[in-house]
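The block underneath contains the structure these notes are about, expressed in structure tokens.
When a ligand or atom number is given, it counts from 1 through the structure's own listing order. Each residue takes its place number in the sequence, starting with 1.
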Amino acid sequence: MEAIVLYPIPAIGHLISIVELGKLILTHNPSLTIHILIAPAPYNAGSTAPYIASVSSTTPSITFHNLPSVTLPPTTSPHHETLIFELIRLNNPNIHQSLLSISKTHNVKALIMDFFCSYSLSVASNLNLPGYFFFTSGAASLNCFIYHPTIHKNTTKSLKDLNTLLIVPGVSPIPSSDMPKPFLDRSDKAYEFFLDCTITMAKSAGIIANTFESLEPKAIQAVSEGLCVPDGPTPPIYCIGPLIAKNNERNGTQNEGEAVPQCLSWLHTQPSQSVVFLCFGSLGSFSIEQLKEIALGLEKSDQRFLWVIRNPPSEKHSLAVSAQPDPDLNFLLPQGFLDRTKERGLVVKSWAPQVAVLNHGSVGGFVTHCGWNSVLEAVCAGVPMVAWPLYAEQRFNRVVLVEDLKIALSMDESEDGFVSASEVEKRDRELMDSESGNSIRERTLAMKDGAKAALSEGGSSRVALTKFVESWK
Ligand SMILES: O=c1ccn([C@@H]2O[C@H](COP(=O)(O)OP(=O)(O)O[C@H]3O[C@H](CO)[C@@H](O)[C@H](O)[C@H]3O)[C@@H](O)[C@H]2O)c(=O)[nH]1
């Protein structure tokens, strides 16, 4: 029996889309089996267990294999990505072993790895397997990634000391400070890991990206024409998205026992397109001062809101593998806030079923940290955004969403990253009721139609998927 092996990183924001890729491959090749290798999470990046259990029970052709745990060396790098790279590097013997063991009963056709798993491309090569990377973010950031070795070669300075606009093929000029934090300092271990990763990506059998032609035409054209790897060949690029979690999939809800989560029942009672949804991905959290400021802004805005709150980051909890305790809302929010806004607002602790929320008719806008899954989920639901980036490539995504795609407004912060209550109030109002709100809503709806067309028979993503499948057959 033929099989494909997927190797995601153990973070919900990366897992869902690669599993969806596996399901998509299955719909076109139902006789295949999909094997997914799961490494133990080195930090808490959102609960994956309920999602994995749900997929296992609904899709028998997908089997999850848990890899043994490895001991990570101590690190002084402030970036959590360093832990992921270490985990992947140390897991190579386990990946090799798993591939051998699956090969005993299956004809393994390809290994598809999350782009963070660049160290494992050598394992695929050693076994004569084509190794592909799955890029979980958009084409603009893909271009930036595989162009990064060129940026590195063209200067001896760290980006943090450059204060310049970076020109990446197919992408609007990006302030160097908007690059992901691990790319800013050459002396950091995370920088070294990413440089190695971005060089290795270009050596793969192909890169599959979670985006679609009509969303990012300029960026996709530039990378496909080879402009982002000027000194060597570019592997084939397959834009097969949008791949997002299904509406009814349980992706890590806090209230697993509830038939209908409370926030959805609450949304049923709200007028059409009246609610602003605020949610910041699997890792996003704010200081107490910032939480209180957001609350003041929401209160002044007079808009309806549904707000997911997580505990502020702390030494103790920020990278802990175990689940965090629920936030204490009375402590974190201004006194009386919940009571004063109870007619038009709901605060949810830690986690909400985001896809279902975004697709609820009462939701009219989304304040997001710009994680790419959240962006695609908003596009597919036709909900315009306010972009409030927090970590990873999200500042970069904000530039793309606001400047290039024009489907989001920018939440502007002060130099130290703090966002004032008046900015929250202003952007909320703008998103929900002004001219600019309407124009980004119309563009988002057009992108929603574009996403549907890309995924339908003869659409660009379907064509790309067929080409990808033919490449390993
Ligand atoms: O309360 C919550 C919070 C999150 N989610 C889901 O969790 C996923 C979060 O993914 P994403 O929006 O991409 O954010 P991150 O988890 O932060 O994702 C990481 O991975 C993405 C893909 O590479 C990057 O774009 C991000 O910057 C990076 O932080 C989405 O499917 C959300 O629907 C929920 O369902 N409920």
Ranking H14, E377, H369, E393 by closest non-hydrogen atom to atom 30 (C) of ligand 1, top hit is E377
* Asked: Any Lys/Arg nitrogen of E289 or K292 sitting under 4.0 Å from an Asp/Glu carboxylate oxygen of the other?
  -> no
| field | Side-chain donor-acceptor contact under 3.5 Å, T211 with E216 | value | yes
Taking only non-hydrogen atoms of Y391 and a 4.0 Å limit, the atoms of ligand 1 in range are 15 (P), 17 (O), 29 (O)
### Query
For ligand 1, is there an N or O atom under 3.5 Å from any N or O atom of Q354?
yes
Subject >> 4.0 Å heavy-atom contact, A352 with ligand 1 >> reply: yes
Flag yes if more than 12 heavy atoms outside K218 fall under 6.0 Å of its NZ atom; otherwise flag no.
yes
In L6, I207, L243, the residue satisfying side-chain contact (heavy atoms from CB on, under 4.5 Å) with F134 is L243
Before accepting this row, confirm whether a basic side-chain N of the pair E413/R398 lies closer than 4.0 Å to the acidic partner's carboxylate O.
-> yes
Going by the 4.0 angstrom heavy-atom rule, the piece of S17 near ligand 1 is neither
A student comparing Y51, F396, W351 should find that the heavy atom closest to atom 6 (C) of ligand 1 comes from W351
Heavy-atom proximity to atom 15 (P) of ligand 1 ranks first, among S282, A245, G138, for S282
Quick note on ligand 1: atoms under 4.0 Å from a heavy atom of A392 include exactly 27 (O), 29 (O)
Can you label the angle between the F115 ring and the F135 ring as parallel, tilted or perpendicular, going by 30° and 60°?
-> tilted
Ligand 1 to C279, heavy atom cutoff 4.0 Å, flagged ligand atoms 1 (O), 2 (C), 3 (C)
- Side chains of H79 and K189: does their closest heavy-atom pair fall under 4.5 Å? no
Do any nitrogen or oxygen atoms of S374 lie less than 3.5 angstrom from nitrogen or oxygen atoms of ligand 1? yes
